[in-house]
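Residue numbers count from 1 along this sequence.
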Amino acid sequence: MARGLQIRDEEIGYNKNLFCIPKHYEEDLERVFIPHGLILDRTERLARDIMQDMGSHHIVALCVLKGGYKFFADLLDRIKALNQNGDKSVPITVDFVRIKSYCNDSPTEEISIVGEELSTLSGKNVLVVEDIIETGRTMKALLSKLKDNEPKMVKVVSLLIKRTHRSPGYRPDYIGFEIPDKFVVGYALDYNEYFRDLNHICILKEKAKEKYRI
């Protein structure tokens, strides 16, 4: 079973004053939960694990937008470095799919998947790159759609997975961090499109949820 770096339920994170936080978000954040440097170090190890498993055949990296774009870019940079400096290398091509399943801080009943080119994944080794998995409902919907197009192999890497009673137990193949059931933003994870432009993963203040609510 895939294991990520486990962050305990009682973990409160770090004082935000010890880090560089954009001025426009200073009042909205409780704590820094996962610093940017730790994210990058963990991503480097994930890249190595993925190449060990999938590095014998052309990989199509499928980025789940919008929240996955930062993790996707950093992960591919590290895979690219392994390609350049390792004993073996494989071609990597990229594709994108957009999924929307949240409004404010609650999952919506309807999951919309936008990706016109999924048919091109037939017979390919596909690496799905996701930012966060909570219930697994969204990922299962995407995997079902991918399966219809008969890829050769599908592996899923998620930067974060939440420990929550709402999850039926779905776990991706590769996990960056396993976190408590807290609402986090930053590193491209958003709250109604805000906070994507924040390097660290942070805990949002309750009053900030009201401020940015739609």
Side-chain angles (χ1 to χ4, degrees), residues 2-8 11-50 61-81 94 96-105 107 127-136 138-139 142 156-164 172-205 208-209 211-212:
R3 291 179 66 83
L5 196 159
Q6 294 213 355
I7 298 177
R8 295 169 303 168
E11 179 61 61
I12 60 168
Y14 305 88
N15 186 328
K16 65 184 178 185
N17 295 327
L18 300 173
F19 297 86
C20 294
I21 302 289
K23 284 272 184 225
H24 54 280
Y25 290 145
E26 274 183 352
E27 296 305 308
D28 302 322
L29 304 171
E30 199 80 60
R31 311 270 293 173
V32 170
F33 201 53
I34 309 176
H36 187 234
L38 184 55
I39 296 169
L40 295 182
D41 277 5
R42 183 73 188 117
T43 300
E44 189 166 2
R45 178 55 200 251
L46 287 171
R48 197 168 82 186
D49 292 346
I50 288 163
L62 182 66
C63 176
V64 179
L65 296 171
K66 295 182 184 174
Y69 81 84
K70 273 290 293 170
F71 177 47
F72 182 77
D74 287 336
L75 181 67
L76 258 61
D77 278 348
R78 277 141 189 83
I79 288 176
K80 206 161 52 179
V94 302
F96 301 88
V97 63
R98 184 170 176 191
I99 301 180
K100 188 163 176 59
S101 60
Y102 257 77
C103 182
N104 296 317
D105 59 347
L127 176 69
V128 180
V129 183
E130 174 67 292
D131 57 346
I132 186 166
I133 290 175
E134 297 188 37
T135 65
T138 305
M139 184 52 64
L142 175 59
V156 178
V157 55
S158 184
L159 177 63
L160 305 176
I161 182 168
K162 272 191 190 180
R163 287 189 299 276
T164 169
D173 302 283
Y174 311 98
I175 298 167
F177 301 88
E178 186 174 304
I179 66 170
D181 196 1
K182 298 178 188 286
F183 191 81
V184 292
V185 295
Y187 194 67
L189 281 86
D190 76 308
Y191 178 78
N192 293 333
E193 296 303 325
Y194 291 93
F195 304 100
R196 295 196 196 276
D197 55 331
L198 178 63
N199 274 343
H200 313 291
I201 292 176
C202 297
I203 300 168
L204 198 59
K205 286 182 178 177
K209 292 183 183 180
K211 178 178 170 184
Y212 296 102

- Do Cys63 and Val94 have side-chain heavy atoms sitting under 4.5 Å apart? no
- Item | Test side chain to side chain contact (heavy atoms under 4.5 Å, CB included) applied to Asp173 - qualifying residues, sequence neighbours left out | Lys155, Val156
- Item | Ala47 to Arg78 - nearest heavy-atom pair and separation | CB-CB, 3.8 Å
- Lys16 to Leu29 - nearest heavy-atom pair and separation: NZ-O, 2.8 Å
- Residue pairs meeting salt bridge (Lys or Arg N to Asp or Glu O under 4.0 Å), one or both in residues 30-46, sequence neighbours left out, come to Arg45-Asp49
- Message: Restricting to non-hydrogen atoms, name the atom on Phe71 and the atom on Tyr187 that form the minimum distance, rounded to 0.1 Å.
- Response: CA-OH, 3.5 Å
- Measuring from Ile79:CD1 to Leu75:CG, what's the distance to the nearest 0.5 Å? 4.0 Å
- Atom pair CG/CG of Leu46 and Asp74 - distance to nearest 0.5 Å: 11.5 Å
- Message: Strictly by salt bridge (Lys or Arg N to Asp or Glu O under 4.0 Å), give each pair with a member in residues 17-29 just once, sequence neighbours left out.
- Response: Lys23-Glu26, Asp28-Lys211
- Task: Answer yes or no: is there a side-chain heavy-atom contact under 4.5 Å between Ile179 and Ile201?
- Result: no
- Which pair of heavy atoms, one from Ile7 and one from Arg163, lies closest together, and at what distance? O-NH2, 2.6 Å
- Message: Test your reading of the model: is there a side-chain donor-acceptor pair from Tyr191 to the backbone of Lys209, 3.5 Å cut-off?
- Response: yes
- Phe177 and Leu38, any side-chain heavy atoms less than 4.5 Å apart: yes
- So do Thr138 and Val64 actually touch side chain to side chain, heavy atoms under 4.5 Å? no
- Under the side chain to side chain donor-acceptor pair (under 3.5 Å) test, residues paired with Tyr25 that sit two or more places apart: Asp197
- Message: Within a 6.0 Å radius of atom OH on Tyr194, are there more than 12 heavy atoms belonging to other residues, nucleotides or ligands?
- Response: no
- Message: I'd like to know if the side chain of Asp131 and the backbone of Leu189 have a donor-acceptor N/O pair within less than 3.5 Å.
- Response: no
- Message: For a side chain to side chain contact (heavy atoms under 4.5 Å, CB included) check, start with the C-alpha distance between Phe33 and Glu11, then their side-chain angles and the critical distance, and finish with the verdict.
- Response: CA-CA 8 Å; Phe33 201 53; Glu11 179 61 61; 4.1 Å; yes
- Message: If you compare all heavy atoms of Thr43 against all heavy atoms of Ile39, which two are closest, and at what distance to 0.1 Å?
- Response: OG1-O, 2.7 Å
- Of all heavy-atom pairs between Phe195 and Val185, which one has the smallest distance, and what is that distance? CB-CB, 3.7 Å
- Non-neighbouring partners of Phe72 that pass ring-ring contact (aromatic ring centres under 6.0 Å, His included), sequence neighbours left out: Phe96
- Would you indicate whether the side-chain heavy atoms of Leu127 and Val157 approach each other to under 4.5 Å? yes
- Mind checking the CE-CD spacing from Met139 to Glu130? Nearest 0.5 Å is all I need. 4.0 Å
- Query: Nearest 0.5 Å, what's the CG-CD1 distance between Leu5 and Ile175?
  - Reply: 11.0 Å
- Message: According to salt bridge (charged side-chain N to carboxylate O under 4.0 Å, His left out), who are the partners of Lys80, at least two apart in sequence or on a separate chain?
- Response: Asp77
- Item | Side-chain donor or acceptor of His200 paired with backbone N/O of His36 under 3.5 Å | yes
- Task: Take Val97 and Leu62 through the side chain to side chain contact (heavy atoms under 4.5 Å, CB included) test and state the conclusion after the steps.
- Result: CA-CA 7 Å; Val97 63; Leu62 182 66; 4.0 Å; yes
- Message: Return the CD1 to CD1 distance between Ile203 and Ile12, rounded to the nearest 0.5 Å.
- Response: 8.5 Å
- Item | Which residues share a side chain to side chain donor-acceptor pair (under 3.5 Å) with Lys182, sequence neighbours left out | none
